[in-house]
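Every value quoted in this text rests on a predicted model; they were computed, and no experiment measured them. Numbering of residues begins at 1 and proceeds along the displayed sequence.
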Amino acid sequence: MCADTLGTGEPRFGTGLVRRLVAEQFPAWSGLAVVPVGPGAGTSNVMYRLGEDMVVRLPRTSGAAGDVEKEHRWLPRLAPALPVAVPVPLGLGAPGPGCPWPWSVYRWLDGAIAVPGNVTDPEALARDLAAFVTALHRADPRGGPPSYRCEPLAARDATTREDIAALRGEVDAGAATAVWTEALSAPAPSGPPVWIHADLQPGNLLVADGRLGAVIDFGCLGLGDAAVDLLPAWYVLPSGAREVFRDALGADAAAWARGRGWALSVALAELRHYRTANPFMAGTARRVLARLLAGRD
């Protein structure tokens, strides 16, 4: 989700192309079934189940292609420090006919995305999310690249205000501006940048029996402000569980205000971009904005 906006140059993938790529580059897996993963499974990548235990993930944009090497390099290093499963790279594919960029084979991770019907114990999920975020933020940052969302909130001021204006009629512009102004006035983080996932949205969080089982899509991974990883407070959790998440993380008022600002800015951009193109993303953004603008938690 952190890659370039989709454009007319997006490759036309299909099961036949994926079979050819796998057969040519990973012949040991050539006899395995190739099945598309649902059309709403990703905005920056397209995925195909490979056999029972693997998934092929192909970038849909040049921006997403730039994340492939990063994930192959850093996920194996970070995984041992994390309390839930993350993607395990099994193969790094090279560009080929019909696929202009590197691509990946990962181990398949079971679970349902963290949408309201699948979140049966919000407070337990809040604690699971806090444990994941805390562990990631404590991981050794040496040599880490900047996150896709590493900029200060002030750098997003112009585009966020443009999004508020463009969505007038769908979004309470006064309330959105008030949340944004408060976020901009919050003190900056006092410490050095830490590892952040930076895109902890429902589609990137897999739950089983209501608990967090895996975190996927590390395209935004890098070093940045820990407050960016407060996104699930509004993207995933209802009000009471939101407070559990905040308490478990020990987020102070400044970090919480910056986190609200990040959630607002990201949701506005997603609603503006996806409102006619992707019902799932647009619906998620609308729910986030409703939570942000309904109260002050």
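Within the 4.5 Å cutoff, no side-chain heavy atoms of Asp225 are placed close to those of Ile196. Annotation: side chain of Leu206 is in contact with side chain of Ile113 (closest heavy-atom distance under 4.5 Å). Here the side chains of Trp101 and Pro11 are in contact, with some heavy-atom distance below 4.5 Å. By the 4.5 Å heavy-atom criterion applied to side chains, Val171 and Ile164 are not counted as neighbours. Residues Leu78 and Val86 fail the side-chain proximity criterion, which asks for heavy atoms closer than 4.5 Å. Contact annotation: the side chain of Met281 never approaches that of His273 to less than 4.5 Å [non-hydrogen atoms, C-beta and beyond]. Side-chain contact between Leu21 and Cys99 is present, with at least one heavy-atom pair separated by less than 4.5 Å. In this structure, Trp180 and Leu268 have side chains that are not in contact, with every pair of non-hydrogen atoms separated by 4.5 Å or more.
Between the CG atom of Leu200 and the CG atom of Asp229 there is a distance of 4.5 Å, given to the nearest 0.5 Å. Distance check: Leu82 CG to Trp195 CH2 gives 10.5 Å after rounding to the nearest 0.5 Å. Atoms CG and CH2, from Leu264 and Trp234 in turn, are 10.5 Å apart once rounded to the nearest 0.5 Å. Taking CG from Leu230 and CZ from Phe245, the interatomic distance works out to 5.5 Å, rounded to the nearest 0.5 Å. Note that the CG atom of Leu75 and the NZ atom of Lys70 stand 9.5 Å from one another [nearest 0.5 Å]. Atoms OH and NE2, on Tyr148 and His197 in that order, are 14.0 Å from each other to the nearest 0.5 Å.
Considering Arg260, Arg156, Glu270 as possible partners of Ser265, the one that fulfils the side chain to side chain donor-acceptor pair (under 3.5 Å) test is Arg156. If you run side chain to side chain contact (heavy atoms under 4.5 Å, CB included) between Leu271 and each of Asp163, Leu167, Val266, Val288, only Leu167 comes through.
Listed here is the closest heavy atom pair of Asp217 and Pro87: N-CG, 4.4 Å. Looking at every heavy atom in both residues, Asn204 comes nearest to Asp199 through ND2-O, 2.8 Å. In plain terms, the two heavy atoms of Val56 and Val105 that are nearest each other are CG2-CG2, 4.2 Å. Ala135 and Pro83 get closest at one heavy-atom pair: CB-CD, 3.7 Å. Considering all non-hydrogen atoms of both residues, Ala227 and Ala255 come closest at CB-O, 3.5 Å. Scanning all heavy atoms of the two residues, the minimum distance from Trp256 to Ala251 falls at CE3-CB, 4.2 Å.
Checked against the 6.0 Å centroid threshold, His72 and Tyr106 count as a close aromatic pair. For Trp103 and Phe26, the gap between ring centers is short of 6.0 Å.
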For a side-chain contact (heavy atoms from CB on, under 4.5 Å) check, start with the C-alpha distance between Val18 and Thr15, then their side-chain angles and the critical distance, and finish with the verdict.
CA-CA 5 Å; Val18 175; Thr15 55; 5.7 Å; no
For a side-chain contact (heavy atoms from CB on, under 4.5 Å) check, start with the C-alpha distance between Tyr235 and Leu205, then their side-chain angles and the critical distance, and finish with the verdict.
CA-CA 11 Å; Tyr235 266 84; Leu205 304 171; over 6 Å; no
What do the steps show when you test Leu221 against Glu71 for side-chain contact (heavy atoms from CB on, under 4.5 Å), and what is the final call?
CA-CA 8 Å; Leu221 176 73; Glu71 290 186 339; 5.9 Å; no
List the steps and the verdict of side-chain contact (heavy atoms from CB on, under 4.5 Å) for Tyr48 and Leu58.
CA-CA 9 Å; Tyr48 290 80; Leu58 306 105; 3.9 Å; yes
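Evaluation of the side-chain hydrogen bond (donor to acceptor under 3.5 Å, both in side chains) test over residues 166-179, restricted to residues two or more places apart or in two chains, returns Glu170-Arg275, Glu170-Arg286. Identified under the salt bridge (charged side-chain N to carboxylate O under 4.0 Å, His left out) test for residues 17-32, with sequence neighbours left out: none.
Listed by chain and residue number, nothing satisfies the salt bridge (Lys or Arg N to Asp or Glu O under 4.0 Å) test with Arg138 (two or more places apart in sequence, or in another chain). Every residue two or more places apart in sequence or in another chain that forms a side-chain hydrogen bond (donor to acceptor under 3.5 Å, both in side chains) with Arg211 is listed here: Asp128. Under the rule for a salt bridge (Lys or Arg N to Asp or Glu O under 4.0 Å), the partners of Asp157 that lie at least two apart in sequence or sit in another chain are Arg161.
Looking only at distances, no side-chain donor or acceptor of Arg49 sits under 3.5 Å from a matching main-chain atom of Val35. Proximity of a side-chain donor or acceptor of Arg57 to a complementary backbone N or O of Ser104 within less than 3.5 Å is not detected. Between the side chain of Arg149 and the backbone N or O of Gly222 there is no donor-acceptor pair closer than 3.5 Å.
Under a cut-off of 6.0 angstrom, the local environment of CG in Asp252 is crowded, with over 12 non-hydrogen atoms contributed by other residues, nucleotides or ligands. Within 6.0 Å of the CZ atom in Arg73, the count of heavy atoms belonging to other residues, nucleotides or ligands exceeds 12.
Leu92 belongs to a hydrophobic cluster whose other members, connected by ILVMFWY side-chain contacts under 4.5 Å either directly or through intermediates, are Val68.
In the hydrophobic clustering of ILVMFWY residues, with side-chain heavy atoms under 4.5 Å counting as a link, Val244 and Val207 come out apart. Placement of Met54 and Val88 within a single hydrophobic cluster is found when ILVMFWY residues are connected by side-chain heavy-atom separations under 4.5 Å, directly or transitively.
Between Arg77 and Asp140, no side-chain nitrogen of the basic residue sits less than 4.0 Å from a carboxylate oxygen of the acidic one, so the salt-bridge criterion is not met. Using a cutoff of 4.0 Å between basic side-chain nitrogens and carboxylate oxygens, Asp121 and Arg127 are not scored as salt-bridged.
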